[in-house]
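For reference, the structure discussed in these notes is given below.
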Amino acid sequence: MGILHDDVVIITEPEKEGDPSVITINCPDKTGLGCDLCRIILFFGLSIVRGDVSTDGKWCFLVFWVVGNSGTRWDLLKRRLMETCPSFSSASGISFYRYELQPPKPPDVFLLKFCCYDRRGILHDVTEVLCELELTIKKVKVSTTPDGKVMDLFFVTDTRELLHTNKRKDEVSDHLKAATGNAMISFDIEMVGPEITACSQSSSFLPSVLMEDMFHLEMPDERPSGVVTSSSVSVNMDNSLSPGHTLVQIICKDHKGLLYDIMRTLKDYNIQISYGRFSTKQRRNCEIDLFIMQADGKKIVDPSKQNALTSRLQMELLRPLRVAVVSKGPDTELLVANPVELSGKGRPLVFHDMTLALKMLDTGIFSVIT
């Protein structure tokens, strides 16, 4: 089966203002592809208001209606989506599916050191630049000195894999200087070795009691039919409507990254989606229908597996982020925990959105540890 390379991802911008853009993807299938695509769309600051997914297990067809970012770089988004689709080998302009023989090499990690004079919102300004330049923030440490200077340490990876070059380093420096102006004092980037990378991925510093409180969620009573409900989320599993698939029906309130949260959960459970439909109704109500099966090609009939999946879906949709505010004398700590895929990838733009919220609230940040 062949398909023109340019037709793998087609992005149609709206004819009139206010209408969604349409992203159409036609490529070979793999378990977790929907999660990977939704993750990229979320990273570009877009919200999915409607979606259709179908696959025969080998080839898939996906359509996403997206809104939310007037400054979206559509050509770059298309390139990143195409890179995420299973590989192709090209012959005479026709692309054919080619299996990956080896897992991808882990990206190089760099330590970005940025020193500047402090002002309200400057941490978000720096973070926004790094995100726009497609630098993925793995870990952050920020400290403020008594004389009003800030030292930011960012462990980052480069989606473009060019951060080892002087040209790319100069690009980052120029953008940071443009965003911070005369506040910038010094800047440096260096690649770090595996021993430093390992240290940067140390265990959580959160107190165990607080961790239990943040990650504990009182689940409502579960019914034998596989239904889990709450005031804002309903998850229902039904095996009577399809001979080969389990139907998962979800009704909930919309939030940023909703479809990503669902796809991420299914990917972690190694669940395959054969057909799915997502739509946003009035008052931010969302309805999702998914026909799914396990990796062995069978529907989910075990009640314990049904309850485990429905409970996990409800938890992720009720609390996509865990947030706690702790008072420590004159200081206030904001603790934010976000889910991580089994692949090791964290939720996109969490640090960006957190610093943006604090900037909008005119709240100063004098220390950060992640």
Side-chain angles (χ1 to χ4, degrees), residues 39 42-43 45 47 68 111-132 135-157 176 179-180 183 199-218 232 253-258 260-261 264 284 315-341 344-370:
R39 188 179 194 280
L42 179 58
F43 183 82
S47 297
L111 174 59
L112 187 155
K113 304 175 185 178
F114 181 79
C115 183
C116 63
Y117 295 105
D118 193 20
R119 64 168 169 78
R120 291 290 174 89
I122 196 166
L123 180 57
H124 173 71
D125 296 341
V126 173
T127 303
E128 188 171 36
V129 168
L130 301 185
C131 291
E132 289 178 350
L135 298 179
T136 301
I137 299 171
K138 311 295 288 186
K139 187 176 178 65
V140 183
K141 184 174 182 180
V142 175
S143 56
T144 305
T145 63
D147 60 351
K149 296 179 182 178
V150 179
M151 173 58 75
D152 298 339
L153 302 178
F154 293 91
F155 287 88
V156 300
T157 58
L176 286 173
T180 59
C199 291
S200 72
Q201 297 173 345
S202 57
S203 59
S204 172
F205 59 88
L206 298 177
S208 58
V209 174
L210 186 58
M211 286 285 288
E212 292 177 3
D213 179 67
M214 290 180 71
F215 287 92
H216 177 68
L217 179 64
E218 289 291 341
S232 58
K253 291 291 185 181
D254 192 17
H255 65 250
K256 184 175 183 178
L258 170 64
Y260 166 75
D261 290 327
R264 169 178 54 81
R284 297 177 57 245
M315 181 180 71
E316 298 297 344
L317 297 181
L318 283 174
R319 299 178 64 182
L321 295 175
R322 279 64 163 179
V323 181
V325 178
V326 181
S327 178
K328 288 194 172 182
D331 304 326
T332 300
E333 285 190 356
L334 173 65
L335 306 174
V336 180
N338 76 99
V340 177
E341 300 171 28
K345 295 180 179 179
R347 184 185 182 86
L349 299 181
V350 172
F351 192 72
H352 171 277
D353 294 345
M354 181 184 68
T355 56
L356 174 60
L358 294 174
K359 180 179 180 179
M360 294 173 64
L361 293 170
D362 195 30
T363 300
I365 304 172
F366 67 89
S367 179
V368 177
I369 302 176
T370 65

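Numbers here are sequence positions counted from 1.
Atom CG of L112 and atom CG of L153 lie 9.0 Å apart (nearest 0.5 Å). T127 OG1 to M354 CE: the interatomic distance, rounded to the nearest 0.5 Å, is 8.0 Å. With rounding to the nearest 0.5 angstrom, the OG atom of S47 is 7.0 Å from the CG atom of D254. In this structure, OG1 on T180 lies 7.0 Å from CZ on R119, to the nearest 0.5 angstrom. Atom CD of residue E128 and atom CG of residue L356 lie 7.5 Å apart, to the nearest 0.5 angstrom. In this structure, CG in D118 is found 13.0 Å from CE in M151, a value given to the nearest 0.5 Å.
Two residues are said to be in side-chain contact when any heavy atoms from C-beta on lie closer than 4.5 Å; V368 and F351 meet this criterion. Side-chain atoms of T332 and T363, non-hydrogen and from C-beta on, never get closer than 4.5 Å to each other. Looking at heavy atoms from C-beta onward, D152 lies out of side-chain contact with V140 at the 4.5 angstrom threshold. The side-chain heavy atoms of L42 and L349, taken from C-beta on, include no pair separated by under 4.5 Å. Within the 4.5 Å cutoff, side-chain heavy atoms of L358 are placed close to those of L334. Between D331 and E333 there is no side-chain heavy-atom pair separated by less than 4.5 Å.
The two residues Y117 and I122 have their closest heavy-atom pair at O-CD1, 3.6 Å. Closest approach of G346 and R39 over heavy atoms only: O-NH2, 2.5 Å. Heavy atoms only, all atoms of each residue included: D125 and K359 are closest at OD1-NZ, 2.7 Å. In plain terms, the two heavy atoms of R319 and R322 that are nearest each other are O-NH1, 2.6 Å. Scanning all heavy atoms of the two residues, the minimum distance from L317 to H255 falls at O-CE1, 3.6 Å. The two residues P339 and P320 have their closest heavy-atom pair at CD-O, 3.1 Å.
Crowding of K253 atom NZ: a count of heavy atoms from other residues, nucleotides or ligands under 6.0 Å exceeding 12.
Checked for salt-bridge contact, R347 and D353 miss the test: no charged N lies under 4.0 Å from a carboxylate O.
Just one of L111, I137, T370 meets the side-chain contact (heavy atoms from CB on, under 4.5 Å) condition when paired with F155; it is L111.
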